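Okay, structure first, notes after.
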Amino acid sequence: MTASERATSTSAESADEPPVVELDNVEIVYDRHFLAVQGVSMAAEEGDIVALLGPNGAGKSTILKMISGIGRTERGEVSRGHVFYDGEDVTNNGANEMVSRGVTHILEGRRVFEDLTVEENLRCGLYRGGRRFRFDEDDYEIAFEYFPQLKDILNLKAGYASGGQQQMLVIARALIHRPRLLLLDEPSLGLAPKLVQDIFETLVEINREEDITMIIADQNAKRTLNIADYGYVMENGQIELNDPADVLAEREEIKEFYLGTSSETSRYTDIRHYKIRKRWT
Ligand SMILES: Nc1ncnc2c1ncn2[C@@H]1O[C@H](COP(=O)(O)OP(=O)(O)OP(=O)(O)O)[C@@H](O)[C@H]1O
Ligand SMILES: [Mg+2]
């Protein structure tokens with residue numbers, strides 16, 4: 001099934017279901033006065049992969065952090081608007097609360113425990129909030145189902161694993177939580193294109209087979225839109241564009257500024273005043 005067919009079928013199925021997560025006109029401030037995000041409304045429907053795109057500082061990580069509650073620990077606050085999860089108002093809920101509701105956030109930068117082995121890192125996925133939350137060792141087999149490569153490096157200290165292996169490890173560790181909503185921050189950062197392709201293909205498999213809704217914040221627009229159902233493009237803390245991913249990938253402004261494949265560059269620059277920066281590639 002193509003992304004657009006899935007988008008149609010999921011939205012039809014979920015006609016009376018609320019989205020898994022929905023932001024309604026959200027404003028986010030850090031330290032009570034630094035305005036990072038303004039007037040953002042977005043949603044992730046059940047079973048969808050949502051791409052959150054935009055240049056450095058656009059506000060992508062901030063949005064993920066306020067959905068997962070981690071932003072609270074950085075003095076972030078939703079100062080206007082609402083965040084809903086399964087239709088319930090979860091605005092400014094803490095991270096523990098959101099984890100217990102099935103939200104798992106994979107932070108930017110492949111945060112592995114460097115001095116622990118790959119296996120020990122995976123075992124950490126069995127704990128949540130300092131307590132072991134599952135007792136069946138088989139639960140972490142899900143990690144190997146999608147990332148069998150990890151079996152070969154179980155005894156390697158995670159700090160010595162390659163960037164790609166570390167990225168697989170953090171996704172695998174997150175899967176052990178059996179999340180309902182997985183937030184991924186820059187999963188492609190610094191990885192070779194072939195590796196990004198492999199990891200993104202695996203994310204699609206996970207999305208379909210485990211029915212995990214995903215929001216992927218990434219600067220790699222092409223690859224992210226390729227696997228996403230729906231996309232949002234941010235700039236300066238606001239949503240500039242949003243559309244089904246296949247439609248978004250075809251929009252001239254995205255092609256021109258992001259994908260570098262426009263055939264109508266000059267006409268577009270004449271008639272549109274897009275603020276999307278050239279450096280955002
Ligand atoms: N913990 C924080 N405290 C104060 N300001 C912050 C904090 N984190 C981010 N910001 C600011 O909020 C704005 C949005 O940053 P954010 O990290 O969400 O952007 P981003 O789109 O994820 O960028 P990048 O692509 O570089 O990761 C920026 O101006 C940034 O400096
Ligand atoms: Mg970020």
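Just so you know, these numbers use all the heavy atoms, side chains as well, and skip hydrogens, waters and symmetry mates. The first residue of the sequence shown is numbered 1, and numbering continues consecutively from there. First listed ligand is number 1; within each ligand, the first listed atom is number 1. None of the values given here were measured: they were computed from a predicted structure.
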Task: Reported CD-to-CD distance for the pair Gln238 and Glu27, which is rounded to 0.5 angstrom - done: 10.5 Å
Task: Residues Asp185 and Ser61: side-chain donor-acceptor under 3.5 angstrom - done: yes
Task: Nearest candidate to atom 1 (N) of ligand 1, where distance is taken over non-hydrogen atoms, out of Met234, Glu74, Lys65, Glu235 - done: Glu74
Task: Enumerated ligand 1 atoms positioned under 4.0 Å from heavy atoms of Ala58 - done: 19 (O), 20 (P), 21 (O)
- [ ] Starting from atom 16 (P) of ligand 1, locate the nearest protein heavy atom and write down its residue, its atom name and how far away it is, to 0.1 Å.
- [x] Thr62 OG1, 3.6 Å
TODO: Of the side chain and backbone of Pro55, name the one, both, or neither that has a heavy atom under 4.0 Å from an atom of ligand 1.
DONE: backbone
Task: Taking atom 25 (O) of ligand 1 as the reference point, the nearest protein heavy atom with its distance - done: Lys60 NZ, 2.7 Å
Task: Sidechain-backbone polar pair: His33 side chain, Asp31 backbone, donor-acceptor under 3.5 Å - done: yes
Open item on the list: Could you identify the single nearest non-hydrogen protein atom to atom 19 (O) of ligand 1 and state the distance to 0.1 Å?
Closed with: Gly59 N, 3.2 Å
Open item on the list: Starting from atom 12 (O) of ligand 1, what is the nearest protein heavy atom, named by residue and atom, and what distance separates them?
Closed with: Ala36 CB, 3.5 Å
Open item on the list: Other residues, nucleotides and ligands only: do more than 12 of their heavy atoms fall within 6.0 Å of OH on Tyr160?
Closed with: no
Open item on the list: As an exercise, state the distance from NE2 of His82 to CD of Glu88, rounded to the nearest 0.5 Å.
Closed with: 14.0 Å
Task: Pair Asp48, Thr213: side-chain N/O donor-acceptor within cut-off below 3.5 Å - done: no
Open item on the list: Return the closest protein heavy atom for atom 14 (C) of ligand 1 as residue, atom name and distance.
Closed with: Gly57 O, 3.4 Å
Task: Metal check, the Mg ion (ligand 2) vs Ser61 N/O/S, cut-off below 2.8 Å - done: yes
- [ ] Consider every N or O of Phe34 and every N or O of ligand 1, then say whether any pair is closer than 3.5 Å.
- [x] no
Open item on the list: Using heavy atoms and a 4.0 Å limit, tell me yes or no: is Gly54 in contact with ligand 1?
Closed with: no
Open item on the list: Quick test: of every protein heavy atom, which one is nearest to atom 17 (O) of ligand 1, and how far off is it to 0.1 Å?
Closed with: Ser61 CB, 3.8 Å
- [ ] Identify, for atom 10 (N) of ligand 1, the protein heavy atom at the shortest distance, and state residue, atom and that distance.
- [x] Tyr30 CE1, 3.4 Å
- [ ] Please work out whether any backbone atom (N, CA, C, O) or any side-chain heavy atom from C-beta onward of Glu108 is under 4.0 Å from ligand 1, and answer side chain, backbone, both or neither.
- [x] side chain
TODO: With Ser79 as reference, evaluate Ile28, Thr91, Val37, Val29 under the side chain to side chain contact (heavy atoms under 4.5 Å, CB included) test and give the passing residue.
DONE: Val29
TODO: Determine if the distance from atom 31 (O) of ligand 1 to the closest protein heavy atom is below 4.0 Å.
DONE: no
Open item on the list: Are any of the N/O atoms on Gln219, whether in the backbone or the side chain, positioned under 3.5 angstrom from an N/O atom of ligand 1?
Closed with: yes
Open item on the list: Other residues, nucleotides and ligands only: do more than 12 of their heavy atoms fall within 6.0 Å of CZ on Arg80?
Closed with: no
Open item on the list: Can you tell me which portion of Arg75 lies within the under-4.0 Å heavy-atom range of ligand 1? Options are side chain, backbone, both, or neither.
Closed with: neither
Open item on the list: If we count only N and O atoms by modelled type, under 3.5 Å, do the side chains of Glu210 and Tyr146 hold a donor and an acceptor together?
Closed with: yes
Task: Test item: side-chain donor near acceptor, Tyr230 and Glu45, under 3.5 Å - done: no
Open item on the list: Please identify which of these residues, Leu64, Ile171, Leu52, Ile215, meets the side chain to side chain contact (heavy atoms under 4.5 Å, CB included) condition with Leu184.
Closed with: Ile171
Task: Residue Glu186 vicinity, atoms of ligand 1 by number, heavy atom under 4.0 Å - done: 25 (O), 27 (O)
Open item on the list: Within the 4.5 Å heavy-atom criterion, are Thr104 and Leu181 side-chain neighbours or not?
Closed with: no
Task: atom 26 (O) of ligand 1: the protein heavy-atom neighbour that sits closest, reported with distance to 0.1 Å - done: Asn56 ND2, 2.8 Å
